[in-house]
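Below is one structure; the comments refer to it alone.
What you see is a predicted model; the values in this text were computed from it and never measured.
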Amino acid sequence: MAKTEDQVSKEADKTLGFDDGEKGVEQGVGQRTKFNTLGFKGISKAPDGWYFPNEKGKTAIVLEAKSQATDISKPKCESQLADYIGIVLKKYAHCVGILYNGEDVRVWKDGDEVKKGISPKLEHKTYYLKLFTQNKIDKQRIYSLTKRINDCLHTQFGIKNLYHRMIFTACTLVAKRYGADIRPGMEFSVLKQVILNTLNKSLEESRKQNLKLDLLTEVYAEIKMNASTNQEALDGFIDNIIEISDCVNSDYWNGEDVMGIFFNEFNRYKGKSESGQVFTPDHITSFMYRLIGVNSDDVVLDAACGSGAFLVKSMCNMIRESGGIGSAKEKNIKAVQLYGIEFDREIFALACANMLIHKDGKTNLEQFDTRSADACKWIQSKKITKVLMNPPYERKYGCLKIVENVLDSVPSGTIAAFILPDKKLEKDNGKRLLKHHTLKLIVKMPEDLFFKVGVTTSIFVFETGKPQMHKAIEGYCIEEDGLETVKNQGRQDIKDRWQEREDYWVKAITECHEDTKNGTKQIINPDEHLSYQMPEKPFEIYEEDFVKMMMDYEMFRRGIDAKSFGEYLLDNIFYASTVAKKGKKVTISLEANQ
């Protein structure tokens, strides 16, 4: 039986939290309470729900409830709520309007309906109040702060190991994230202990499910540094940490951007890790997420997760798509929709810290060798629907074995995307993968994507459990990503070019817009190639080339030494010639030898 309007109102009262007794606010639901009695003099109309703070500069909420049988897409419902929003805005700086029928919900910010990134379910009032919270992150400022931290840890703290500097910084951010009282003026020994205590406390619940998370505290305890660090350097480090933490801790953090900057800065000193890893640029994690159509219902695996870039990107996007921070689905995404494997002990600790910073459940990270049977068994126990990976490239780290194990262990029909060197499948017998799986797509990436590593790469997209059977592969080439190299800060999108290019390429590839004749699209025969075939540059010869060749031949025929003749000619042109200019014409004259 469909819920009545009164039943819907009472349900909304509890969900929105209008019954929690919050001080300094008038809130509640009911069909007989008029605006007039709520402080809006002379207004006899009655809202179904209201949240009116005493401070008029804050955001108010007004609810219009309908019976479950009512179609709230009708203009009549909209106009009634719009009338209420107009009344509230005469008194308050901002107003969230909610139209709800027990199933469907529509939301307005002041006079504009919010259609993107809004939860499809009714959420707690704090979720809607945050719609007016703005948090713009200054990426250049984060770069500057992170550089200071890196330099300070290296020169002042004496932490020589790159990953130890990263882990110490990440653990300090975790401690701030979980409420540790870190402030300038505290002694170094106290800071270290506060961080360790907070790590242990933050891991307490998750440790019950995953004892390997203790590796984070173990690696942290192993970090060696100068015991006599001066207080000025320590206070500078803490100030910088606090400023970065304020960005990451915001409910509207764009976490993958902040942490992308953070890890990029530390890794600029080393293009590859000691485990053969290449850390994935943030704009590529975004592109691959969209390329294979990941959404908020997917279960994502990265079985060579490094510091967790793909998992953090997926978490950020999935939460935003499901309604944002505080939505009902956020906890589920963090708890059972993100899985990662990392073999290297220190980088596993780094991934744990990265996920902790973003308040992830972090119980779904495992320290395995993806080439092992145990890793395969673990992957098989999860209901993976999408794979995003950038495995270590070298043969000695088992690159193709990692790819093969992942493809064989996830359910049939899973879409899996890997960043690999362009010719990897051709050089390392990648054809064996096609006996059980289909290589659907190859996207050639810009030549300078990994400019320090000296390797050119492509994205290889497979569909698992379906043999290739000679089916053609689609190929595309992204020649430029628009990023530029900034001194000491790696490649950055300083002119904001990438987003437009990402939108273009996602649409062109997923909708097959590029034509094979004039665009970069190729139809690749898997029996001949397993890579994008870069076109050979056409042979061109110019008149100058022909004249030079003829002159070289004539001098050779006459026995003239080309080098000596060139020096003689140059000396005479510079020192024994007459130069005359007439209009745009310049004449050089030499006297004939007598």
Can you confirm whether [X] sits close enough to [Y] that some side-chain heavy atom of one is under 4.5 Å from a side-chain heavy atom of the other?
X: Lys201; Y: Tyr178; answer: no
X: Leu301; Y: Thr414; answer: no
X: Tyr339; Y: Glu366; answer: no
X: Val406; Y: Phe462; answer: no
X: Tyr476; Y: Leu441; answer: yes
X: Leu131; Y: Val107; answer: yes
X: Leu215; Y: Cys352; answer: no
X: Met389; Y: Asp302; answer: yes

Quick check against the 3.5 Å criterion: does [X] have a side-chain atom that pairs as donor or acceptor with the backbone of [Y]?
X: Asp235; Y: Gly185; value: yes
X: Thr33; Y: Pro47; value: no
X: Ser79; Y: Pro75; value: yes
X: Asp481; Y: Leu483; value: yes
X: Asp298; Y: Thr385; value: no
X: Ser9; Y: Asp48; value: no
X: Lys386; Y: Gly293; value: yes
X: Thr464; Y: Gly413; value: yes

Could you give the distance from [atom1] ([X]) to [atom2] ([Y]), rounded to the nearest 0.5 Å?
X: Ile347; Y: Cys305; atom1: CD1; atom2: SG; answer: 9.5 Å
X: Arg501; Y: Glu480; atom1: CZ; atom2: CD; answer: 6.5 Å
X: Leu216; Y: Leu365; atom1: CG; atom2: CG; answer: 10.5 Å
X: Asn150; Y: Phe237; atom1: CG; atom2: CZ; answer: 10.5 Å
X: Ser296; Y: Gln337; atom1: OG; atom2: CD; answer: 7.5 Å
X: Ile149; Y: Asn240; atom1: CD1; atom2: CG; answer: 5.0 Å

Identify the heavy atoms of [X] and [Y] that sit nearest to each other, and give their distance.
X: Trp378; Y: Ser381; result: O-OG, 2.6 Å
X: Val299; Y: Val336; result: CG1-O, 4.0 Å
X: Leu89; Y: Ala93; result: CD2-O, 4.0 Å
X: Val410; Y: Leu407; result: CG2-O, 3.8 Å
X: Ser119; Y: Val105; result: O-CG1, 3.8 Å
X: Phe18; Y: Gly49; result: CE1-C, 4.2 Å

**Request:** Kindly indicate, with the supporting measurements, whether the criterion side-chain contact (heavy atoms from CB on, under 4.5 Å) is fulfilled by Ile182 and Thr172.
**Result:** CA-CA 9 Å; Ile182 295 175; Thr172 311; 4.1 Å; yes
Can we say [X] and [Y] salt-bridge, meaning some charged N sits less than 4.0 Å from an Asp/Glu carboxylate O?
X: Arg183; Y: Asp181; value: yes
X: Lys121; Y: Glu123; value: no
X: Asp19; Y: Lys14; value: no
X: Lys3; Y: Glu103; value: no
X: Glu22; Y: Lys125; value: yes
X: Asp503; Y: Arg290; value: yes

Does [atom1] in [X] sit with more than 12 non-hydrogen atoms of other residues, nucleotides or ligands closer than 6.0 Å?
X: Lys329; atom1: NZ; value: yes
X: Lys377; atom1: NZ; value: no
X: Glu500; atom1: CD; value: no

If we ignore angles and hydrogens, is there a donor and acceptor under 3.5 Å between the side chains of [X] and [Y]?
X: Gln193; Y: Asn197; value: yes
X: Asp6; Y: Thr4; value: no
X: Asn36; Y: Ser44; value: no
X: Gln80; Y: Lys66; value: yes

**Prompt:** For Glu11 and Val8, what are the C-alpha separation, side-chain angles and deciding distance, and is it a side-chain contact (heavy atoms from CB on, under 4.5 Å)?
**Reply:** CA-CA 5 Å; Glu11 178 187 287; Val8 170; 5.6 Å; no
**Request:** Would you please classify the geometry between the Phe52 ring and the Tyr92 ring as parallel, tilted or perpendicular, with 30° and 60° separating the classes?
**Result:**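 Aromatic pair Tyr92/Phe52 classed parallel.
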**Asked** Passes side-chain contact (heavy atoms from CB on, under 4.5 Å), Lys313 versus Ser286? Steps please.
**Response** CA-CA 7 Å; Lys313 174 64 69 177; Ser286 171; 3.9 Å; yes
**Asked** For the ring pair Tyr51 and Tyr128, is the centre-to-centre distance below 6.0 Å?
**Response**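 Distance test on ring centres: not under 6.0 Å, no.
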**Message:** With side-chain contact (heavy atoms from CB on, under 4.5 Å) as the criterion, how do Arg497 and Glu484 come out once you've worked through the C-alpha distance, each side chain's angles and the decisive distance to 0.1 Å?
**Reply:** CA-CA 10 Å; Arg497 296 167 173 163; Glu484 297 180 16; 3.1 Å; yes
**Request:** Report yes or no: is the cationic atom of Lys91 (NZ for Lys, CZ for Arg) under 6.0 Å from the centre of the six-membered ring of Phe40, at an angle within 45° of the ring normal?
**Result:**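 Yes, Lys91 sits over the ring of Phe40.
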